[in-house]
Amino acid sequence: MKDGIPLRVKVSASVSRGSIWHGAIPIAKLPRLAAVLTDSEGELRVELAAERTIAGAFRLHGSIAGELGLTCQTCMADFRWPLQIGLDLRLVFNEAEERRLLQECEPFLVEDDTLHLHDLVEEEALLAVPFAPRCETCAGV
Ligand SMILES: [Zn+2]
């Protein structure tokens, strides 16, 4: 278990070692995510693990959590939105493999045997941010 989330790792070495990472990434260090939030305070708590499945596929799984500053699209108040997502990706090395796996799981195309973990976490968090956020009060009945 390593402390901290490295910027980038080698896929083949991480998978054969069964690497596990956990740590926090300050939102201020994720500019594309910070750009869609009301502020860049706080951090994302991240747990990631690389492993080879029984079938021999390369798998990256884990979770991302944090409180993101969003503006409610109903009452226009700023609020903290709890992000909590799990991810389970199959690491693939070419587009043919990516297309083949698309039906059964979530493929993630790897280039040069390198995973940019911060970019990947930022991308997954961005995908999870609601398009029209609503605060707890407005989302309630
Ligand atoms: Zn609201």
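Ligands are counted one by one from 1 in listed order, and the atoms in each one are counted from 1 as well. Note that the coordinates shown come from a computational prediction; the quantities given were computed from them, not determined experimentally.
- The pair Arg90-Asp88 counts as a salt bridge, with a side-chain nitrogen and a carboxylate oxygen less than 4.0 angstrom apart.
- Here salt bridge (charged side-chain N to carboxylate O under 4.0 Å, His left out) pairs that include residues 103-120, with residues two or more places apart or in two chains, number zero.
- One hydrophobic cluster, built from ILVMFWY side chains closer than 4.5 Å, holds both Leu126 and Val46.
- In terms of the side chain to side chain donor-acceptor pair (under 3.5 Å) criterion, Ser63 has no residue partners (sequence neighbours excluded).
- Protein-derived N/O/S atoms nearer than 2.8 Å to the Zn ion (ligand 1) total 4, waters excluded.
- Sorted by first and then second residue, the pairs that involve residues 37-71 and meet ring pair (Phe, Tyr, Trp, His ring centres under 6.0 Å), not counting sequence neighbours, are Phe58-Phe93.
- Of the candidates Thr38, Leu70, Thr71, Leu37, Trp81 forms a side-chain contact (heavy atoms from CB on, under 4.5 Å) with just one, namely Leu70.
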